[in-house]
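Below is one structure; the comments refer to it alone.
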Amino acid sequence: MQEMKPVKEGKVREIYDNGDSLIMVATDRISCFDVILKNTVTKKGTVLTQMSKFWFDMTQDILPNHMISVDVENMPPFFRQECFDGNSMLCRKLEMLPVECIVRGYITGSGWASYQKTGEVCGIKLPEGLKESDKLPEPIYTPSTKAEIGDHDENISYEQSVEYLEKRFPGKGAEYASKLRDYTIALYKKCAEYALEKGIIIADTKFEFGLDENGNIVIGDEMLTPDSSRFWPAEGYEPGHGQPSFDKQFARDWLKANPDNDWTLPQEIVDKTIEKYLQAYKMLTGKDL
């Protein structure tokens with residue numbers, strides 16, 4: 001069995017080159033505030049991969065995605081080890097577009113902070129009198145640039161996204177920017193509506209897109225996982241304050257409350273975190289992982 005080494009490592013993902021395809025492995029690492037913590041969260045990578053698969057399958061009518069298979073039998077022998085089973089995805093190679101496509105359906109987080117100061121989020125004027133966690137009249141698209149590890153992504157306006165894409169793809173900036181915006185909002189609307197029926201509010205999320213060999217836009221990376229989205233329980237939803245969530249909020253809150261944490265979580269916080277991920281998976285898919 002030939003050992004393979006990742007060609008790229010992100011905070012949570014490892015990417016392996018498989019000739020004409022890629023294998024994306026979601027590890028059990030957890031990152032908060034752009035730092036990789038010392039703990040691992042067992043099964044977290046599997047939740048991320050299987051949840052992405054679920055959404056990729058559901059949204060093929062809107063646009064194609066990069067997934068080929070999540071079955072390790074379809075991958076090189078190296079991936080037929082327990083540590084890769086369930087958390088690995090064989091994907092098409094894409095030329096990734098350098099914009100993080102963020103969509104917000106509710107006002108929270110940095111968006112809420114910005115609204116309180118200026119009445120705007122990323123340059124978009126919002127109605128007066130919104131409360132924290134309120135649902136927006138319509139979802140808004142707030143793109144950002146993609147930073148290298150260690151740097152922070154930078155919010156840009158829609159107009160800046162046109163210029164930014166034009167620089168890299170001359171003659172295509174306006175077309176790509178408008179397609180990214182329209183796909184992002186269409187994907188969010190369909191999936192947020194579905195999730196709400198299952199008891200989960202998707203407050204916001206981010207997508208990444210790339211071009212296939214024919215220049216078509218395809219959704220890549222991960223999709224609508226608790227790592228790339230804010231999931232809130234619909235039960236007990238009440239605007240006016242922050243909401244409990246199905247993601248890393250436990251971990252983030254504990255780190256904030258314990259500044260001398262050395263980026264290590266107590267086991268009980270790790271357990272609560274994975275419990276939330278598994279609960280979200282079951283509510284959305286109807287199946288236990």
Side-chain angles (χ1 to χ4, degrees), residues 11 31-35 97-168 173-174 176-189 191-193 195-196 200-209 224 226-234 236-249 251-253 255-257 259:
K11 291 191 280 281
S31 80
C32 291
F33 310 117
D34 288 333
V35 175
L97 295 169
V99 173
E100 299 237 302
C101 297
I102 298 164
V103 53
R104 304 166 192 262
Y106 293 73
I107 188 154
T108 181
S110 61
W112 169 243
S114 157
Y115 173 77
Q116 286 175 290
K117 283 196 195 99
T118 62
E120 298 183 349
V121 175
C122 301
I124 299 170
K125 190 93 189 105
L126 292 177
E128 281 178 27
L130 291 177
K131 300 197 288 284
E132 184 179 1
S133 309
D134 256 338
K135 185 176 187 183
L136 297 171
E138 272 297 306
I140 56 172
Y141 174 62
T142 59
S144 76
T145 59
K146 271 166 45 173
E148 293 301 310
I149 286 194
D151 290 336
H152 287 282
D153 300 339
E154 189 187 334
N155 291 335
I156 52 176
S157 66
Y158 175 72
E159 292 69 31
Q160 285 172 307
S161 79
V162 175
E163 289 165 31
Y164 190 67
L165 287 160
E166 182 63 33
K167 271 192 200 125
R168 288 160 177 74
Y176 287 169
S178 72
K179 280 185 172 165
L180 292 182
R181 177 193 59 200
D182 295 350
Y183 282 144
T184 295
I185 288 177
L187 289 165
Y188 172 77
K189 279 185 165 171
C191 299
E193 205 172 290
L196 195 54
I200 289 181
I201 290 170
I202 302 175
D204 52 39
T205 191
K206 71 176 167 76
F207 301 119
E208 295 195 28
F209 299 91
L224 288 162
D227 267 19
S228 65
S229 324
R230 260 185 252 254
F231 290 169
W232 298 337
Y237 163 67
E238 182 190 56
H241 53 80
Q243 308 297 309
S245 65
F246 284 101
D247 56 22
K248 300 184 280 199
Q249 208 52 50
R252 289 193 203 104
D253 292 348
L255 291 166
K256 269 189 188 156

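All of these numbers come straight from a predicted model, not from anything done at the bench.
The shortest heavy-atom contact between I124 and Y141 is CD1-O, 3.5 Å. When all heavy atoms are compared, the tightest approach of R104 to L136 is O-CD1, 3.4 Å. Heavy-atom minimum distance, V103 versus Y188: CG1-CB, 3.6 Å. Pairing each heavy atom of P98 with each of L165, the nearest pair is CD-CD2, 3.9 Å. Looking at every heavy atom in both residues, K131 comes nearest to W112 through C-CZ3, 3.5 Å. I202 and C191 make their closest contact through CD1-O, 4.0 Å (heavy atoms, listed as atom of the first residue, atom of the second, distance).
In terms of modelled atom types and a separation under 3.5 Å, the side chain of S114 and the main chain of S110 share no donor-acceptor contact. Remark: side-chain polar atoms of E166 are not paired, donor with acceptor, to backbone N or O of E163 under 3.5 angstrom. Remark: side-chain polar atoms of K248 are paired, donor with acceptor, to backbone N or O of S31 under 3.5 angstrom. Looking only at distances, a side-chain donor or acceptor of S157 sits under 3.5 Å from a matching main-chain atom of Q160. The closest donor-acceptor contact from the side chain of S133 to the backbone of G240 lies at 3.5 Å or more, if one exists at all. Although no hydrogens or angles enter the test, the distance criterion places no donor-acceptor pair under 3.5 Å between the side chain of S229 and the main chain of F231.
Atom NZ of K125 is surrounded by more than 12 heavy atoms from other residues, nucleotides or ligands within 6.0 Å.
Inter-residue side-chain proximity for R252 and F33 is flagged as met; some heavy-atom pair is nearer than 4.5 Å. By the 4.5 Å heavy-atom criterion applied to side chains, P244 and W232 are not counted as neighbours. A heavy-atom distance below 4.5 Å is not found between the side chains of T145 and E100. With contacts defined as side-chain heavy-atom distances shorter than 4.5 Å, the pair I201/L196 qualifies. Between P143 and S161, the closest side-chain pair of non-hydrogen atoms falls below 4.5 Å.
At a threshold of 4.0 Å, the pair D247-R230 does not count as salt-bridged, since none of the basic side-chain nitrogens sits closer than that to a carboxylate oxygen. Ion pairing of E138 with K189 is present here, as a side-chain N (NZ or NE/NH1/NH2) and a carboxylate O approach within less than 4.0 Å.
Separating the NZ atom in K206 from the OG1 atom in T142 is a distance of 12.0 Å, to the nearest 0.5 Å. Atom CG of residue L130 and atom NZ of residue K135 lie 13.0 Å apart, to the nearest 0.5 angstrom. One distance of note links SG of C122 with CG of N155; it measures 4.0 Å at 0.5 Å rounding. The distance from atom CD1 of I140 to atom CD1 of I185, rounded to the nearest 0.5 Å, is 9.0 Å.
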Apply side-chain contact (heavy atoms from CB on, under 4.5 Å) to residues I107 and L126 and explain how you reach the verdict. CA-CA 10 Å; I107 188 154; L126 292 177; 3.8 Å; yes
Could you go through the side-chain contact (heavy atoms from CB on, under 4.5 Å) check for F207 and I102 one step at a time? CA-CA 6 Å; F207 301 119; I102 298 164; over 6 Å; no
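A cation-pi arrangement, defined by a distance under 6.0 Å to the six-membered ring centre and an angle within 45 degrees of its axis, is absent between R181 and Y183.
The salt bridge (charged side-chain N to carboxylate O under 4.0 Å, His left out) test applied to D134 returns no partner, not counting sequence neighbours.
The aromatic rings of Y237 and Y106 sit perpendicular to each other, their planes meeting at more than 60°, with 30° as the lower class boundary.
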